Visitor: 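Structure provided below as structure tokens; questions to follow.
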Amino acid sequence: MLKLSKLATAVALVVAGSAAVAGEVEVLHYWTSGGEAKSVAELKKIMQGKGHTWKDFAVAGGGGDNAATVLKSRVVSGNPPAAAQIKGPAIQEWASEGVLANLDATAKAEKWDELLPKVVADVMKYKGNYVAAPVNVHRVNWMWANSAVLKKAGVTATPKTWDEFFAAAEKVKKAGLIPVAHGGQNWQDFTTFESVALGVGGTKFYNDALIKLDEKALTSATMTKVLETFRKVKGYTDAAAPGRDWNLATAMVIQEKAAFQFMGDWAKGEFSAAGKVPGKDYICAAAPGTANAYTFNVDSFAMYKLKDAGAQKAQADLAASIMGTEFQEVFNLNKGSIPVRLNMSMDKFDDCAKTSAKDFVSTAKSGGLVPSVAHGMAIKPAAEGAIKDAVSQFWNDDKISVADGVKNIAKAAATK
Ligand code: GAL
């Protein structure tokens with residue numbers, strides 16, 4: 001009898017234990033394009049495999065502006081999701097509101113401090129405690145090109161300088177095709193802008209003007225040259241670009257309608273999802289003049305404080321899964337990025353990813369590794385939003401002179 005009741009107690013404990021183990025995890029993200037959706041589905045699969053319920057909270061809109069707005073309203077109303085895809089200084093802003101969960105127990109058990117580059121770990125921590133889990137490293141300063149289109153236009157070598165690029169673009173135009181596929185949100189304009197700034201001005205200029213927001217650099221002759229080059233790129237886009245999503249611009253390159261796109265390597269997720277092979281169907285190359293530099297963009301999930309014990313457990317499992325080897329490999333193979341976790345094998349990755357991994361390490365040593373402003377890695381959201389708008393206005397309105405463009409951007413950079 002005694003034995004039986006002991007057994008019953010033991011069973012009850014196990015049942016109670018397993019009930020507390022499974023929980024619901026609500027994840028806010030903006031990964032809705034073909035390649036992105038395939039990538040996030042892998043995380044869902046892993047979480048479901050651990051017995052948790054995945055509540056998908058997808059807010060469409062590349063770059064995440066829409067998602068950020070929705071997130072704010074959910075947190076303000078006291079009902080945050082378990083995890084939200086936010087990054088860079090925005091993590092610190094959310095943490096300072098006191099709404100993020102402390103992930104130190106998971107981070108310690110999983111040895112995050114040893115498995116992450118310090119620059120990345122620092123961004124995931126607030127006052128020394130982990131509050132977010134990093135997913136990947138995207139490189140932003142890429143130029144994508146369709147091999148067949150280049151061939152048709154008689155472009156025999158991938159342009160390495162802006163002069164070579166404009167010569168190639170001219171040939172594509174003459175062949176009756178669109179030289180540059182572009183879309184119409186301010187973050188897309190800025191993605192091109194920061195690659196032009198890096199290519200024309202170099203790393204020091206990029207750091208001074210766009211990261212330190214130094215007025216002298218922002219109003220320098222180099223900045224004038226950057227805007228002139230930027231406007232020239234615009235001249236090779238099609239008239240239907242405004243309002244177009246980034247992945248539809250990538251599709252124009254995939255479908256041989258356009259030659260080039262300046263976009264981070266999430267574009268590769270679209271090429272991969274369409275069954276295209278790098279080096280054969282398409283080319284990945286550093287944007288002109290930026291081969292020795294690397295604008296990085298680390299996706300991450302910040303975790304919000306939750307009350308329910310099951311949800312807390314699911315959240316901790318989500319954090320651990322994100323940094324796990326299984327997820328780091330399969331997600332990044334689909335997403336176009338590289339693992340953020342150190343010492344991962346790159347065997348299954350393509351040449352673009354291998355180049356990215358190699359350049360990430362070499363630019364970290366040479367000083368060429370810089371955070372992407374377009375993708376929220378560098379400056380506080382208020383100043384970032386203001387300079388993105390100023391750059392977009394210049395891009396979209398050819399009547400704004402270069403001199404005024406320079407002035408407007410410098411003024412926007414002073415936004416507190
Ligand atoms: C970036 C994000 C990427 C990618 C892209 C388009 O900001 O880091 O993961 O999804 O936007 O949505």
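Counting starts at 1 for both ligands and their atoms, in listed order. The shown structure was predicted, so the numbers you read here are calculated from the model rather than taken from an experiment.
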Visitor: Which protein residues come within less than 4.0 angstrom of ligand 1, counting heavy atoms only?
Guide: Y30, W31, E36, G62, G63, K87, H138, W246, W266, N297, D299, K335, H375
Visitor: For F360, does the six-membered ring have the charged nitrogen or CZ of R139 within the cation-pi criterion, i.e. under 6.0 angstrom from the centroid and within 45° of the normal?
Guide: no
Visitor: Can you list everything that forms a side-chain hydrogen bond (donor to acceptor under 3.5 Å, both in side chains) with D245? Sequence neighbours excluded, please.
Guide: Q185
Visitor: Hey, do the aromatic rings of W144 and F260 have their centres closer than 6.0 Å?
Guide: no
Visitor: With side chain to side chain donor-acceptor pair (under 3.5 Å) as the rule and sequence neighbours excluded, what pairs involving residues 158-176 come up?
Guide: E170-Y236
Visitor: Can you list every side chain to side chain donor-acceptor pair (under 3.5 Å) pair that touches residues 67-80, not counting sequence neighbours?
Guide: E26-R74
Visitor: Would you call the rings of W266 and H138 parallel, tilted or perpendicular if under 30° counts as parallel and over 60° as perpendicular?
Guide: perpendicular
